[in-house]
Amino acid sequence: SDKEGLCDICQKVKFADGIGHECNFCHLHSCARCGSKAPIKNGKFIWICTLCRKKQDLLKKT
Ligand SMILES: [Zn+2]
Ligand SMILES: [Zn+2]
């Protein structure tokens with residue numbers, strides 16, 4: 001499809017590698033602007049998209 005290789009969040013950015021970053025939670029593929037690294041144990045990182053980050057921020061505020 002035409003959307004192949006596009007960011008699942010903004011659907012505008014085309015991935016240079018054809019894959020992008022996969023969100024650890026919802027498994028959508030997002031560009032660097034639509035997600036960010038989140039540190040976990042042992043100095044490792046997971047990728048979290050902006051949508052899931054917003055959800056988590058809401059949970060933290062309660
Ligand atoms: Zn994007
Ligand atoms: Zn996500």
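First listed ligand is number 1; within each ligand, the first listed atom is number 1.
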Quick one: the SG of Cys23, the Zn ion (ligand 2), SG of Cys26 angle, rounded to 10°, please. 110°

Would you call Cys10 and Arg33 a side-chain contact if the rule is heavy atoms closer than 4.5 Å? no

Where the Zn ion (ligand 2) is the vertex, angle from Cys49 SG to Cys52 SG to 10°: 110°

With the Zn ion (ligand 1) at the apex, how many degrees lie between SG of Cys34 and SG of Cys31, rounded to 10 degrees? 100°

Residue among Ile19, Ile9, Leu6 satisfying side-chain contact (heavy atoms from CB on, under 4.5 Å) with His29: Ile19

Assess the residue pair Leu51 and Cys49 against the criterion (side-chain contact (heavy atoms from CB on, under 4.5 Å)); give the C-alpha distance rounded to whole Å, side-chain angles, the decisive distance to 0.1 Å, and a yes or no. CA-CA 5 Å; Leu51 301 178; Cys49 72; 3.8 Å; yes

dist His27:NE2 -> Asp8:CG (nearest 0.5 Å) comes out at 12.5 Å

Separation between CZ of Phe25 and CD of Gln56, rounded to the nearest 0.5 Å: 4.5 Å

Using a distance threshold of 2.8 Å, state whether an N, O or S atom of His27 lies below it from the Zn ion (ligand 2). no

Can you check the angle at the Zn ion (ligand 1) formed by SG of Cys10 and SG of Cys7? Round it to the nearest 10°. 100°

